[in-house]
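Please read all numbers here as calculations on a predicted model, not as lab measurements. Chain letters run A, B, ... following the sequence lines, proteins first and then strands; every chain starts at 1.
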Protein chains: 2
Amino acid sequence: MSEAAAPAPKPRAGRTATGRRRLRSALAVAALELFASQGYEATTVEDIVDAVGVGRRTFFRYFRSKEEVVFPDHDERLAEVVARLEAADPAEPPLAVVGATAEMVLEMYLAEPEISLKRFELTRAVPSLRDKEIASIDRYQRVFARYLRGRYCGEPHGDLRAAVGASAVVATHNHILRQWLKSAGSLDARAQLREALRLATASVHSPWGEQPAGSESAADERVVVGVVRTAASAETVRARVTGALAELSDDQ
Amino acid sequence: MSEAAAPAPKPRAGRTATGRRRLRSALAVAALELFASQGYEATTVEDIVDAVGVGRRTFFRYFRSKEEVVFPDHDERLAEVVARLEAADPAEPPLAVVGATAEMVLEMYLAEPEISLKRFELTRAVPSLRDKEIASIDRYQRVFARYLRGRYCGEPHGDLRAAVGASAVVATHNHILRQWLKSAGSLDARAQLREALRLATASVHSPWGEQPAGSESAADERVVVGVVRTAASAETVRARVTGALAELSDDQ
DNA sequence: TTGTTAGTGGCACTCAGTGCCGCTACGATT
DNA sequence: AATCGTAGCGGCACTGAGTGCCACTAACAA
């Protein structure tokens, strides 16, 4: 209260000494500390800038909003994801590309565990931040879906497959990430994600859609006999295989 | 401007005549009209209440925020979803229950096409509303995932399967809904959703996880011979079937 | 007629976010 | 070395969302 009584003589304590672009970092650090100690909503932007010793206006030069200080570099990360997808080998299976990109995103979280954990606690506690994170996750998913839509272009249910594939990858990524966060950085999340993606995206890898009654097949069509040993009934296996093999023609 | 010059004598034009709880509806209608005509952000809450002829304070008694007027009954709908899941027959396959619930949600949109379309346009144009909608959709997905987690409890990758299953259902629902909205209410979205759900959730219906090297099988194990006619190579079919039939023991 | 209560209006306030202007420190030019 | 341009910053004033509080009024009950 009383420390702000003299607006005329600016203290300017070590501002330029910290460097021009370190201000952003200093603001973020101070903000996260205050959020952790006294809560997100109870912390005003004025509290943050007072802790750093800069003007309130300066805060909004480095962050578009109070929420953005919690997710400082989401834009850059999304841009990396887009770049990665654009640079991907078109010979790779589409879902493998998306899965690998998801692994890259996971690596970003794993690279700075303490920040990821702080954010996790914050987003769990503050609804508005949770909503914000959901929205940014959705942006990843949209980018994934757009990529897959391009790769599945022309296929029977390409758009649907793209949407479901993207959502499966994102859901799997989030599941593994959440497990890792809850365990406070336990085991190899990378390997877990890879295995989980294998399970989750199994059905999306092969094309969907009803057989157009032997359209382009006929030529190189062959008869394949498979022998399966299982406890399930024959009818169950028939239904399962029928669903799984619905249109197995042009994908790898 | 000049119409607000006399604060003392309240006009009170037909307030009570419209009924006590119709005010909410009147506010929503006026808001949507203003949003459509002059844009969401350019419309202040004061504009809305002036159009209806009530005080600004009253608006916030009916809507928690300016955004909520666009999604007036999301809470009730989410409650309906929860109730439906809780009342579901435990004998039904879990994903069938969730799928049917998603169909119920779709029905809600289809029930009032003009409002759904207006909202669609608004959420497409205004980022903050889009984020809000994403967040509320995520709430559905969480409820779905929670339900599936309970049903898959104890199974190999139950939690992952629940997360992926829920996301697949939601992604499918959104895809069909979006198609319907883009076509301005064309054909039978119900049938499309049902078929799409069949495709999208095929792999999640059967349990996941690695075979425990013949644990409880042995007893009622049989040999099943399947004949498949396809254009794919034998190796492709083998890999596909192996993946699809990974653990086919207790689910129907 | 006299409480009682629910719904409302209005006022004042906090706080996020923005536009604008002035200041200052730094670098480049001559 | 003096000067100009500029980028970063502080501060002020403003808008608008959202909230707390209190007074008022209409309807209802005793």
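- As judged by a 4.0 angstrom heavy-atom cut-off over every strand, A/T43 is placed among residues touching the sugar-phosphate backbone only.
- Counting to the nearest Å, the C1' atom of C/dG7 and the CZ atom of B/F63 are 16 Å from each other.
- For B/R61 against D/dG18, no side-chain N or O and base N or O form a donor-acceptor pair under 3.5 Å.
- Proximity of A/Y62 to the phosphate of D/dC9: a side-chain N or O atom is located under 4.0 Å from OP1 or OP2.
- Closest approach to the A/L23 side chain among D/dT19, D/dC9, C/dG17 is made by D/dC9 (side chain taken as heavy atoms from C-beta onward).
- Toward the 5′ end of DNA chain C lies the nearest nucleotide of B/F59, the other residue of the pair B/F59 and A/T44 mapping further downstream.
- Side chain of B/K66 to backbone of B/T43: a donor-acceptor contact under 3.5 angstrom is found.
- Regarding B/K66, its NZ atom lies at a distance of 13 Å from the C1' atom of C/dG17, rounded to whole Å.
- Atom-to-atom, CD of A/E46 to P of C/dC15 comes out at 8 Å; the value is rounded to the nearest Å.
- Figure legend: B/R24 and B/Y62 shown without cation-pi pairing, the cationic atom not lying both under 6.0 angstrom from the six-membered ring centre and within 45 degrees of its axis.
- Between the side chain of A/R57 and the base of C/dG19, at least one donor-acceptor pair of N or O atoms lies under 3.5 Å.
- When the P atom of C/dT14 is taken as reference, atom CZ of B/F60 falls 18 Å away, rounded to whole Å.
- Between A/Y109 and A/H173, the ring-plane angle classifies as tilted under the 30° and 60° cut-offs.
- To the nearest angstrom, P of D/dT15 lies 14 Å from CG of B/D47.
- Summarising the geometry, the separation between CG on A/L27 and C1' on C/dA16 is reported as 16 Å, rounded to the nearest angstrom.
- The pair B/D50-B/R56 does not count as a salt bridge, with every side-chain nitrogen at least 4.0 angstrom from each carboxylate oxygen.
- Annotation: the span from B/L181 atom CG to B/L117 atom CG amounts to 5.5 Å, rounded to 0.5 Å.
- Going from atom CD of B/E41 over to atom P of C/dT18 covers 11 Å, rounded to whole Å.
- Atom-to-atom, CG of B/D50 to C1' of D/dG16 comes out at 14 Å; the value is rounded to the nearest Å.
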